[in-house]
Amino acid sequence: MSDNPLAVEVAGMALPNPIIAASGTFGFGPEYAPYVNLARLGAVAAKGVSWDPWPGNPPPRVWETAAGLLNSIGLQNPGVEVFCREDLPFLRRAQTRVIANVIGRTIDEYARVVERLEREAGIDAIEVNISCPNVKEGGISFGQDPDHAAAVTRAVRAVTRRPVIVKLSPNVSDPVAIAQAVAAAGADALSAINTVIGMAIDLKRRRPALGAVTGGLSGPAIKPIALRVVWEVAQSVHIPIIGIGGIESAEDVVEFLMAGATAVMMGTVTFRDPGRMEAVIEALPATLRALGFECVRDAIGAAQGFCEEARP
Amino acid sequence: MSDNPLAVEVAGMALPNPIIAASGTFGFGPEYAPYVNLARLGAVAAKGVSWDPWPGNPPPRVWETAAGLLNSIGLQNPGVEVFCREDLPFLRRAQTRVIANVIGRTIDEYARVVERLEREAGIDAIEVNISCPNVKEGGISFGQDPDHAAAVTRAVRAVTRRPVIVKLSPNVSDPVAIAQAVAAAGADALSAINTVIGMAIDLKRRRPALGAVTGGLSGPAIKPIALRVVWEVAQSVHIPIIGIGGIESAEDVVEFLMAGATAVMMGTVTFRDPGRMEAVIEALPATLRALGFECVRDAIGAAQGFCEEARP
Amino acid sequence: MPPARMVVCIERREVVARDHVELYFRHPALTAAVPGQFAHILTEGTLRRPLSFSRLDPASGLAAVLFRVVGRGTAWLAARREGEPLDLLGPLGRGFPPPEPDRPWCLVGGGVGIPPLFAAWARWKASLRAPITVIAGARTREAVVMVEDFRAGGAEPWVTTDDGSLGEAGTVLGPLRRWLASHPQGQVYACGPTPMLAAVAAAVQGHGPCYLGLEQRMGCGVGACLACVVPAADRATWPPWRRVCCDGPVFLAEEVRLE
Amino acid sequence: MPPARMVVCIERREVVARDHVELYFRHPALTAAVPGQFAHILTEGTLRRPLSFSRLDPASGLAAVLFRVVGRGTAWLAARREGEPLDLLGPLGRGFPPPEPDRPWCLVGGGVGIPPLFAAWARWKASLRAPITVIAGARTREAVVMVEDFRAGGAEPWVTTDDGSLGEAGTVLGPLRRWLASHPQGQVYACGPTPMLAAVAAAVQGHGPCYLGLEQRMGCGVGACLACVVPAADRATWPPWRRVCCDGPVFLAEEVRLE
Ligand SMILES: Cc1cc2nc3c(=O)[nH]c(=O)nc-3n(C[C@H](O)[C@H](O)[C@H](O)COP(=O)(O)OP(=O)(O)OC[C@H]3O[C@@H](n4cnc5c(N)ncnc54)[C@H](O)[C@@H]3O)c2cc1C
Ligand SMILES: Cc1cc2nc3c(=O)[nH]c(=O)nc-3n(C[C@H](O)[C@H](O)[C@H](O)COP(=O)(O)OP(=O)(O)OC[C@H]3O[C@@H](n4cnc5c(N)ncnc54)[C@H](O)[C@@H]3O)c2cc1C
Ligand SMILES: Cc1cc2nc3c(=O)[nH]c(=O)nc-3n(C[C@H](O)[C@H](O)[C@H](O)COP(=O)(O)O)c2cc1C
Ligand SMILES: Cc1cc2nc3c(=O)[nH]c(=O)nc-3n(C[C@H](O)[C@H](O)[C@H](O)COP(=O)(O)O)c2cc1C
Ligand code: FES
Ligand code: FES
């Protein structure tokens, strides 16, 4: 591992590089297999799964915005049982690191899903999505309140020995309060951020562009919002952070690392360029060197250090 | 007024068109006078003023992002006394509608500033900024809590007979709660949104790009975030809303109108194109017609109507 | 052929009508795609743009897409010049099934729904022993594309325009109903705007098989994001949707609900 | 001339060194601008880009900007061709004051700080009765721009490069200190990276007047947004800043703190 300048460890998970496919943008793996070498990625976060199948929201479910994308998929998924039976085997064979993303309408549903996943091999970590803005119950409502967020984390923590990553919402007054609550409740890592609530109007149809009216904004538009959450959370918790939001280049990755992230996830850009994650992995060593870093780990928090010195 | 398809009324203020220069992006008026005919604008919102002079934040104070701009000006201003003496006379002569934007570190400071402004002629409305993310005290801390927001609104309401517009922050878990609180406290109108908290890293200098570390994100990147706030607030309060965030074209304006705004403010785009506000005013009648509206007022909330029908 | 990401060179660019452009690229393997499949093309903007193949000609090795300029992505595409590269994913989705050789066959296209039907007709016309009818409609004359291509191949499309500027005034429904009256068990392949497809499906119901080429806003184009769903006809089974990008874009009319 | 928004045509484009481009535009009124003033130029991106005038030549009616390609905006500008339009605001800010005719004058430029000094030198060299010295430095030889222009105008700049690839090895500070030793009351005009300006200001302190052309990240360029501030030397008076775009970009060294 020390020979590989890209190697990182996130909450006990050893990754060959810090680039992870973001949940919901990479299906359950096979969809992008014709275009992406999954084994080359740091890890793959699967689409979120719940206990029962969830139908998701009415279409249209996506809409382009300036440097961004609105989506209102609404966590359509076949339920954890089908996931384990039909989808996990492919990921298990893909020789990559697998992060299962978990959703629920109740704390108990989160726990039941994770308990069910515990019986399966081939999962390296659990990502708990308490931040999806596209569902009414569960999802973001757990992510906007420190106590609820902590309760979900504790419930999940109790039923798995795997690393637990809690995914934070930017749609809160104080992301640090949520981060501290889930860290105290036993999260091994945090991922930040999920999408930002937004909407668009379809002028011709005189109605909201998305079938579900509002949706989640992703893509380069939200990168500054994500960096701020990573930066502030990194200063206030002592568990690793996975940075997410608008990452498209190796420079973007280093920005997140320097802000305090240990790894990153890339989502929306894959729709346009399925090869981008691999291209970024390819470019990362030279980008790090050009900025004076020998390895990914040198860059983690590098801007944090500087700034603390500069403060009065 | 009825002959002019662009005319609107916001909280008792009659505007010849719905295009207002956004606070902080248009100085106190004279700076853009060589490039913009102020009389042609719906109104001008002046840079925020406090009681004492505020120094603002250390530079750099701006940084470009994808389809956006981060700023951390930090409400530098000469104080209300200097504003009244040196800056207001120009605006008064400019034959435009003038909105004074007010900031404070305490509720009492807000009230004192508005009280002082009450002695001056040539101000058409007061915009209360409880949403600036760039100052530690005051600003956003009032905008993130319904009780504080209401208290500021009440204090200001008590000392002015002018329309009071309260400017909302998107950096909250529930913008509607804030909107309802300030509406109940006597606000005549709302403006939404102020900037979204964000940051960027200067890779070469290995530190946050902005001197103040974090800043406020504006520009097209935040348009979907702003539309969602306008949409949700319009459904829950009965006072007019001024939409703000990334507006660059007549189509953008109509999107905000259809989402429920009565007027809009344009900010960041002016830096690139000082003539854009006038160009949008010019284009608006044809854009409205092409979309089947006879006047601005027809378009207000047009998408709200449709959607309510479509809901179960 | 299995889908792949490829960079193809624009070999020919033709403005076929106002705001309608056809781009040809030589890619012999791609011509093995099934008519009704589509290419997901990189343009400016956050997402790729789905466009059906208008031609898949193994003889010349040329494939093509024909599109109407409606927004930023298609405007960008329309501005490409011959010799420039295009980045595409394809062929994607499930195309039309080969028509049954002994059933009368009617192809019903609306506007830029006509091109994929031209590809289907060109691929399978020789395999049919029953008569083939092509109905091509649009709002106005210049939007009725590829009529000359059908003629050059020996067909005489029944043309309709909403404004009567070309062919019969009205929609494709008129000719389709007349055809159905005389070919009650015929097979119908239709492609066009969703309201047209809904009307076609309703008209064909109770007759022969009806295949529809659907549109929906897409994210990935490969089945990963679940953006491109349309409601499944059967509300009881799971999932209650079909994905246009990979379960379709061609569906049997009975499979989906068009709202 | 009062500032205005204008669209100018690129009359000449020259690559003056690797990654250094000079764009000329004919605009007789603009040539009345004061050296040290700048143009705020529309490129891609959210903001305009500030560039000082490198030439303001009433005789030919030509003004120019000379810039180094450092990012997206300057890359876009460098890719413009002759005949293309540029949208600019200008002339903006306060330029250099005319030098005192009887004081020895030293112009100290670093990298792309040299161009505005060339404009100043060309404007005022004939008005001086005292000797004029030009010091031009940069990291490496190709970044020492406009040396030939000075020579063509009859000056012989003292050249320094950090890497010794041209002229004296070292910074402009060496020649400047020697000049100050022999011209203790001379007037100094300097433009270049902030650390260089800080060193120049420190070296000149206690000698004659020293004018600095500063850089800061800008928003509006016209004084409205308060983005472009640098700390004022005097911390007591209000505001504690100077705006580079309109109070500057040229300041007396004593007015500002360079950190
Ligand atoms: C399977 C399939 C095949 C298609 N084949 C053709 C074809 O052969 N010829 C043709 O002219 N058009 C075709 N379309 C429609 C075509 O994809 C859109 O016209 C195009 O994406 C518009 O892009 P734009 O940037 O110009 O428009 P904009 O309106 O600016 O696009 C904004 C976003 O909306 C999406 N979008 C807009 N209109 C549609 C639409 N009707 N369907 C799906 N997404 C849309 C765009 O892809 C983009 O993501 C097809 C659509 C699908 C789904
Ligand atoms: C008054 C003034 C005069 C200038 N004159 C010249 C000149 O004559 N020749 C020349 O080569 N350069 C000059 N500069 C610097 C020039 O403005 C920047 O190099 C240029 O803006 C970089 O733009 P970019 O998009 O290529 O770089 P990017 O780094 O991509 O730009 C990102 C943002 O940062 C700003 N920025 C980046 N570097 C600087 C900088 N050094 N100063 C201010 N803003 C910066 C850009 O304007 C833009 O908003 C001047 C700067 C100022 C303030
Ligand atoms: C279409 C789509 C579907 C998503 N689905 C999920 C999901 O199921 N679970 C989850 O935790 N995040 C989901 N996300 C959020 C992404 O994982 C990611 O946090 C977000 O898109 C920001 O990253 P990006 O800008 O790189 O896309 C989804 C995002 C998109 C665009
Ligand atoms: C440089 C800058 C300074 C600003 N200063 C203020 C301010 O003083 N008071 C205020 O209420 N809003 C201020 N804002 C916020 C804008 O008024 C507006 O809400 C925001 O920029 C979103 O609009 P836009 O995307 O059109 O710029 C400022 C914005 C910018 C970019
Ligand atoms: S577009 Fe992503 S699943 Fe169809
Ligand atoms: S750049 Fe706006 S005040 Fe100087």
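Below, chain A is the first sequence line, B the second, and so on; all start at residue 1. Below, all heavy atoms of this structure are taken into account, side chains as well, without hydrogens, waters or symmetry copies.
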Can you measure from CE (A/M258) to CZ (B/R205) and round to the nearest 0.5 angstrom?
10.5 Å
Based on non-hydrogen pairs under 4.5 Å, which of B/V229, B/V254, B/I201 is most in contact with chain A?
B/I201
Interchain contact, A/L291 with chain B, by part (heavy-atom threshold 4.5 Å)
both
Whether A/S173 side chain and B/S173 backbone form a donor-acceptor pair below 3.5 Å:
yes
Closer than 3.5 angstrom, by distance alone: can the side chain of A/R228 be matched with the main-chain N or O of B/G216 as a donor-acceptor pair?
no
Of the listed residues (B/V230, B/T65, B/L203), which shares the most heavy-atom pairs with chain A below a 4.5 Å separation?
B/L203
A/P224, A/A200, A/A67: which one forms the most heavy-atom pairs within less than 4.5 Å of chain B?
A/P224
Which atoms of B/L70 are under 4.5 Å from chain A, going by heavy atoms: the side chain, the backbone, both sets, or neither?
side chain
Options A/E248, A/K223, A/E251, ranked by heavy-atom pairs under 4.5 Å with chain B, top entry:
A/E251
Which atom of A/P208 lies closest to which atom of B/A303, heavy atoms considered
CD-O, 4.1 Å
If I measure from the heavy atoms of chain A, does B/E232 come under 4.5 Å with its side chain, its backbone, both, or neither?
side chain
To the nearest 0.5 Å, tell me how far A/E255 CD sits from B/M199 CE.
8.5 Å
Does some side-chain heavy atom of A/L217 sit less than 4.5 Å from a side-chain heavy atom of B/I225?
yes
